[in-house]
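One structure below.
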Amino acid sequence: MIEAQALTKAYGGHKAVDNLNLKIAPGELYCLLGANGAGKTTTINCFLGFLPVTSGRVLIDGLDVAEKPLEVKRRLAYLPEVVMLYPTLSGLENLDYFSRLAGFRHRTAQLLEYLERAGLPAADAQRRLGDYSKGMRQKVGIAIALAKEAKCLLLDEPTSGLDPGASNDFSQLLRELTAQGMAILMATHDIFRAKDVATHIGIMRAGRLREQLENRGDFEAKELEALYLQTV
Ligand SMILES: Nc1ncnc2c1ncn2[C@@H]1O[C@H](COP(=O)(O)OP(=O)(O)OP(=O)(O)O)[C@@H](O)[C@H]1O
Ligand SMILES: [Mg+2]
């Protein structure tokens with residue numbers, strides 16, 4: 001569903017992503033770990049089509065991102081670390097606006113249901129977004145992804161700055177989305193959450209995928225941390 005084939009992205013002579021191979025099936029949540037500058041955001045930006053690849057291919061649902069940008073966009077939802085929304089509109093109005101941009105016209109009841117599923121109660125949905133906490137804004141971002149009915153979700157450090165409770169709610173939501181068959185790629189620095197929520201974990205260093213493991217619940221967060229520290 002989300003696939004990189006020998007993906008390389010170079011800036012000048014510097015390879016930010018170097019021959020990356022990655023495959024994420026429906027129902028899988030792949031956590032990408034790695035130190036600052038390892039190439040995680042660059043990888044995500046290549047999947048989004050924000051950056052042209054230097055060589056190799058990136059595919060979403062079997063479609064080459066470079067060849068079918070519009071079809072790919074319809075299948076993809078993206079949540080950055082800071083979701084860009086309109087502070088003077090309510091959560092509900094933001095969701096309505098961005099859903100329309102994506103070509104959907106949902107009824108208010110349906111929009112409220114997406115927000116509710118993302119963990120934002122109806123009472124909050126009507127409030128001005130400028131007064132929201134970061135966690136609440138992330139929930140609107142997730143609701144936008146849900147309303148798009150995307151098959152693939154790309155997340156770049158979505159829980160940084162969230163309190164443990166909000167982060168835990170977020171993990172629960174990701175579990176539900178994978179259970180429903182979404183394919184998810186999440187860049188994160190949170191080893192504990194990765195262990196908690198990922199089906200697969202990759203560790204990048206200097207643009208290369210150095211370690212890859214399936215999470216069968218047969219290792220502790222401490223062991224993952226040790227592997228991370230020894231890899232980066
Ligand atoms: N526009 C750019 N021009 C030149 N080099 C860039 C550009 N964007 C990123 N890089 C370089 O690419 C490498 C990978 O950066 P990237 O942002 O993908 O890392 P990251 O793993 O997301 O790091 P972080 O954990 O800090 O978010 C870094 O060496 C960075 O300096
Ligand atoms: Mg980054």
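In what follows, every heavy atom counts, from backbone to side chain, and hydrogens, waters and symmetry copies are set aside. When a ligand or atom number is given, it counts from 1 through the structure's own listing order.
Between His106 and Tyr114, the two ring planes are perpendicular [angle over 60°; tilted spans 30° to 60°]. Ring orientation note: the planes of Phe50 and Tyr78 are nearly perpendicular, at an angle over 60° on the 30°/60° scale.
When the heavy-atom distances from atom 14 (C) of ligand 1 to Ala187, Ser160, Gly37 are ranked, the shortest goes to Gly37. In the candidate list Asn36, Leu51, Asp156, Asn36 is nearest to atom 26 (O) of ligand 1, counting heavy atoms. Among His189, Arg205, His14, Lys40, the residue whose heavy atom lies nearest to atom 21 (O) of ligand 1 is Lys40.
Any protein N/O/S atom under 2.8 Å from the Mg ion (ligand 2) was counted, giving 1 altogether.
Using a 4.0 Å threshold on non-hydrogen atoms, atom 4 (C) of ligand 1 counts as touching the protein. Atom 8 (N) of ligand 1 is flagged as protein-proximal [any protein heavy atom, distance under 4.0 Å].
Ranking the protein heavy atoms by distance from atom 17 (O) of ligand 1 puts Thr41 CB, 3.7 Å first. Closest to atom 15 (O) of ligand 1, if we only count protein heavy atoms, is Thr42 OG1, 3.7 Å. Atom 2 (C) of ligand 1 has Tyr11 CE2, 3.4 Å as its closest protein atom, hydrogens excluded (heavy atom only). The protein atom (non-hydrogen) at minimum distance from atom 27 (O) of ligand 1 is Glu157 OE2, 3.3 Å.
The closest approach between any non-hydrogen atom of Met204 and ligand 1 is not below 4.0 Å.
Between Ala25 and Ala183, the shortest heavy-atom distance links the atoms O-CB, 3.6 Å.
A salt bridge between Asp96 and Arg100 is present, with a side-chain N of the basic residue lying under 4.0 Å from a carboxylate O of the acidic one. Salt bridge Lys134/Asp163: absent, no basic N to carboxylate O contact under 4.0 Å.
Taking any N or O of Ala38, backbone or side chain, at least one lies under 3.5 Å from an N or O belonging to ligand 1. Among the atoms of Ala16, none of the N or O lies under 3.5 angstrom from an N or O of ligand 1.
With no hydrogens or angles considered, a side-chain donor-acceptor pair links Ser167 and Arg193 at under 3.5 Å. Side-chain contact annotation: Glu28 with Thr199, donor-acceptor N/O pair under 3.5 Å absent.
Residue contacts with ligand 1, taken as heavy atom pairs separated by less than 4.0 Å, involve Ala35 solely via the backbone atoms N, CA, C and O.
Here CG of Asp61 is found 12.5 Å from NZ of Lys68. Values are rounded to the nearest 0.5 Å. Rounding to the nearest 0.5 Å gives a distance of 13.5 Å between NZ of Lys195 and NZ of Lys222.
Formation of a donor-acceptor pair under 3.5 Å by the Asn21 side chain with backbone atoms of Ala6 is found in this model.
When the salt bridge (Lys or Arg N to Asp or Glu O under 4.0 Å) test is applied to Glu149, no partner is found at least two apart in sequence or on another chain.
Tyr228 pairs with exactly one of Thr231, Leu224, Val232 by the side chain to side chain contact (heavy atoms under 4.5 Å, CB included) rule, that one being Val232.
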